[in-house]
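Counting from 1, the numbers follow the sequence of the chain as shown.
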Amino acid sequence: MSSVNFEKAEKNARLRDIQNDKVLTEEELEIANKLQAKANAKGMKLVPEKKVKSRVKFAQIIQENWLYLNSINYLTVAEKAFLLDIAPYVGFLSNCIVEDIKAKSQVPCTQESLGKKIGKNKSQMSKILKPLIEKGIIARSITGGEDYNAKSYALFLNPNIIYCGDRDSVNDTLKAIFYRSPKELKKLPVKLF
């Protein structure tokens, strides 16, 4: 198929899509086609913004950083397994470990509650969390009092390792939490902030 035929097919497809959506007038459509032709001549493509249709919850592993951490043996096998176990509880945009990722108002998961969710007792949780906090992979922040005036902590996952949210717009509070990091994390190949 020649490039002229291909461009004509693309134009017809765009016309059909736009006519189906009825978002542009004929005059606006002509302007859009001229802009697209100009962009094509420069090796660019104008792409309409697509509406998010999927409500799938996900946490993303920053692959290059994970590979880097593996290459320097920064995490133990148990720590890697723990991070994968807690990934389903990472709150959207906050990267806080939460009770229910589907809840409109996300409540931080306590260390004890998280342990129950992933099958670890209090001692095991303390043993795995302490080095991850020291390594800058997890941060712990006081959230207020629980029963009997005991302190309650929220756990946050370093977004440069695993992130749940818009990579181009990391929450300022989250940036502040992980602003200081061990020297090994300063050498991460990909930094979201």
Tell me whether Ile133 is reachable from Leu114 by hopping between hydrophobic residues (I, L, V, M, F, W, Y) whose side-chain heavy atoms are closer than 4.5 Å.
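Both belong to a single hydrophobic cluster.
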
Would Ile142 end up clustered with Leu157 when hydrophobic side chains under 4.5 Å apart are linked, directly or stepwise?
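Each belongs to a different hydrophobic cluster.
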
Given 3.5 Å as the limit, does a donor-acceptor pair link the side chain of Lys57 with the main chain of Val90, or not?
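No, the answer is negative, given that no donor and acceptor are paired below the 3.5 Å cut-off.
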
Is the terminal nitrogen or CZ of Lys135 (NZ for Lys, CZ for Arg) located under 6.0 angstrom from the six-membered ring centre of Tyr74 and within 45° of that ring's axis?
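Yes, a cation-pi geometry holds between Lys135 and Tyr74.
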
May I ask you to check whether over 12 heavy atoms, not counting those of [X], lie within 6.0 Å of atom [atom1]?
{"X": "Lys191", "atom1": "NZ", "value": "yes"}
{"X": "Lys102", "atom1": "NZ", "value": "no"}
{"X": "Lys175", "atom1": "NZ", "value": "yes"}

Test: salt bridge (Lys or Arg N to Asp or Glu O under 4.0 Å). Region: residues 122-134. Which pairs qualify, not counting sequence neighbours?
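Passing the test, one end in residues 122-134: Lys130-Glu134.
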
Rounded distance (nearest 0.5 Å) linking atom [atom1] of [X] with atom [atom2] of [Y]:
{"X": "Leu83", "Y": "Ile137", "atom1": "CG", "atom2": "CD1", "value": "7.0 Å"}
{"X": "Asn171", "Y": "Asn95", "atom1": "CG", "atom2": "CG", "value": "9.0 Å"}
{"X": "Asp100", "Y": "Tyr89", "atom1": "CG", "atom2": "OH", "value": "10.0 Å"}

Check the side chains of Lys80 and Asn70 for a donor-acceptor pair under 3.5 angstrom, ignoring hydrogens and angles.
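Looking only at side-chain atoms, Lys80 and Asn70 do form a donor-acceptor pair, the distance falling under 3.5 Å.
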
If the condition is side chain to side chain contact (heavy atoms under 4.5 Å, CB included), which residues does Asp85 pass it with, not counting sequence neighbours?
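Counting only residues at least two positions away or on another chain, Asp85 forms a side chain to side chain contact (heavy atoms under 4.5 Å, CB included) with Ile118.
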
